[in-house]
Amino acid sequence: MKDVHEFDKAAPEETIIVVRMEAVNHWNLSRADLKKFAEEKSMASNAGIPNDGDFYYC
């Protein structure tokens, strides 16, 4: 999550789509954890954390 925060600091005007994959290094990271982290780092308005099946169109 640290790298997401670093990206947000470098490009605060951009929207970040944060995805959680079913991979070994992500298995213990929940969407709730991602949302809480985004709120704590004051980046919740710039972070999209999709649910399964959600689509983002750019």
Side-chain angles (χ1 to χ4, degrees):
M1 291 190 290
K2 181 180 174 184
D3 55 343
V4 173
H5 185 234
E6 291 299 318
F7 181 85
D8 182 63
K9 290 190 304 188
E13 70 285 351
E14 299 298 327
T15 299
I16 303 167
I17 307 301
V18 185
V19 295
R20 179 191 151 273
M21 298 179 292
E22 298 296 330
V24 172
N25 61 339
H26 291 179
W27 71 270
N28 62 347
L29 181 61
S30 70
R31 285 184 184 92
D33 292 337
L34 287 172
K35 289 176 183 178
K36 182 179 177 186
F37 177 81
E39 290 171 4
E40 289 172 354
K41 299 299 183 184
S42 300
M43 55 182 263
S45 63
N46 292 353
I49 303 170
N51 292 310
D52 290 342
D54 284 355
F55 289 90
Y56 285 86
Y57 297 95
C58 301

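Please read all numbers here as calculations on a predicted model, not as lab measurements.
Electrostatic pairing of K36 and E39 does not count as a salt bridge here, judged by no charged N lying under 4.0 Å from a carboxylate O.
Not a single salt bridge (Lys or Arg N to Asp or Glu O under 4.0 Å) links E14 to another residue, sequence neighbours left out. Residues passing the side-chain hydrogen bond (donor to acceptor under 3.5 Å, both in side chains) test with K2: none are found, sequence neighbours excluded. Evaluation of the side chain to side chain contact (heavy atoms under 4.5 Å, CB included) rule for K41 yields H5, F37, M43 as partners, not counting sequence neighbours. By the side chain to side chain contact (heavy atoms under 4.5 Å, CB included) test, Y56 is found to be paired with I17, P50, residues two or more places apart in sequence or in another chain being considered.
The structure places CD1 of I49 at 11.5 Å from CG of D54, a figure rounded to the nearest 0.5 Å. How far CG of D8 is from OG1 of T15: 9.5 Å, rounded to the nearest 0.5 Å.
V4 approaches I16 most closely through the heavy-atom pair O-CD1, 4.0 Å.
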